[in-house]
Amino acid sequence: MPVISAEMPDTPESNYDRLTIAEATAIQKDLRSKLSLIPLEKPVRTIAGADISLSLYSQTVYAGIVILSYPKLQVVAYSLVKGNTNFPYVPGYLAFREIPSILKAFEQMPVKPDLIMFDGNGILHKRRMGIASHFGVLTDTVTMGCAKKKLAGLYTEPGETKGQFTAVTDSGETIGFAVRSKNNVKPVFISPGHQMSLQDSLDIAFKCIGKHRLPEPTRKAHEYVNLFRTGALQEGYHEVDEWKLF
DNA sequence: GCGACAG
DNA sequence: ATCTTGTCGC
């Protein structure tokens, strides 16, 4: 029984807006069967952060993907796209609200990043299909998630100092980690999205932590989409001038 | 019925 | 997520 049919169109752009929760759940279960958590196979040279910004009481979404060099973590390019969303925010179904626009930003990039970090979860999800995993399977790319709040599972609070972490489990299975990215701040929740292991997600997350609570990829993505929404940056694909990179 | 609940 | 001012801490 195919999940995709004439009644249920096959592209995020055209159909996610009209899905019922039951249909969305069916899609997540189907995508889960295609999920892969094999260890990273290729070296990471660029890592991107993906996020969207919204105006209060507006259905317009400002999506963006910011590519940073790795491991230096300097912004080298970014793709910004203005889109629309009608699918409401429902915990567990964030992908259906944000992916259509982020996908446009992704398709607009002439060169894709080696890995994309999402502002949300990967397998740290009831059905192991958070936005990072969803996007990864959909586009066959390497992804991981970094959420600011816990969505599912159980965990014990990690030590208060930077670098401490604990596992987030669901029925005894580890589905992610609660990572203290800075002293005395709430932990961030890390999990693999697609084509990488739990250990990989933890390793990458640590190498992306700078002076702030949020890892650089998602922190920059959040910053750029906000600048886009407020008019400081324009829609389109942009590359940072070489001279700004040293 | 009550608590949980990414953005 | 977004709307907002001051304020506490490193």
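Reckoned from all heavy atoms, side chains included, excluding hydrogens, waters and symmetry mates. Throughout, protein chains are lettered first and strands after them, A, B, ... in sequence-line order, and every chain is numbered starting at 1.
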Interface residues of residues 216-237 of chain A with DNA chain C (non-hydrogen, below 4.0 angstrom): A:H222, A:N226, A:R229
Side-chain H-bond candidate by donor/acceptor type, [X] with [Y], under 3.5 Å:
X: A:T85; Y: A:Q59; value: no
X: A:T139; Y: A:T141; value: yes
X: A:Y237; Y: A:E239; value: yes
X: A:N226; Y: A:S53; value: yes

Strand DNA chain B in bracket notation, Watson-Crick/G-U under 3.5 Å with | for pairs to another chain: .......
Expressed in angstrom and rounded to an integer, what is the separation of [X] atom [atom1] from [N] atom [atom2]?
X: A:M117; N: B:dA6; atom1: CE; atom2: C1'; value: 15 Å
X: A:F87; N: B:dG7; atom1: CZ; atom2: C1'; value: 13 Å
X: A:I102; N: B:dA6; atom1: CD1; atom2: C1'; value: 12 Å

Ring centers of A:F177, A:Y155 separated by less than 6.0 Å: no
Range on DNA chain C touched by chain A - first to last nucleotide, heavy-atom distance under 4.0 Å: C:dA1 to C:dC3
Within 45° cone and under 6.0 Å: A:K82 NZ/CZ vs A:F228 ring: no
Given A:R128, A:H125, A:K126, the one that forms side-chain hydrogen bond (donor to acceptor under 3.5 Å, both in side chains) with A:D170: A:R128
Side chains of residues 86-93 of chain A: which donor-acceptor partners sit under 3.5 Å, not counting sequence neighbours?
from  : atom 1 : to     : atom 2 : distance (Å)
A:N86 : ND2    : A:D17  : OD2    : 3.2
A:Y93 : OH     : A:T25  : OG1    : 2.7
A:Y93 : OH     : A:R127 : NH2    : 2.9

Strand contacts (DNA chain B) in residues 150-171 of chain A, 4.0 angstrom heavy-atom criterion: A:K150, A:L151
DNA chain C: stems of at least 3 consecutive Watson-Crick or G-U pairs whose donor-acceptor distances fall under 3.5 Å: none
Parallel, tilted or perpendicular, as decided by the 30° and 60° cut-offs, for the rings of A:Y16 and A:H134: perpendicular
Under a 4.0 Å N-O cut-off, is there an ion pair linking [X] with [Y]?
X: A:K220; Y: A:D51; result: no
X: A:R180; Y: A:E157; result: yes
X: A:D119; Y: A:K148; result: yes
X: A:E107; Y: A:K104; result: no

B:dG7 OP1/OP2 closer than 4.0 Å to side-chain N/O of A:K148: yes
Touch class at under 4.0 angstrom, heavy-atom based, for A:D119 against every strand present: sugar-phosphate
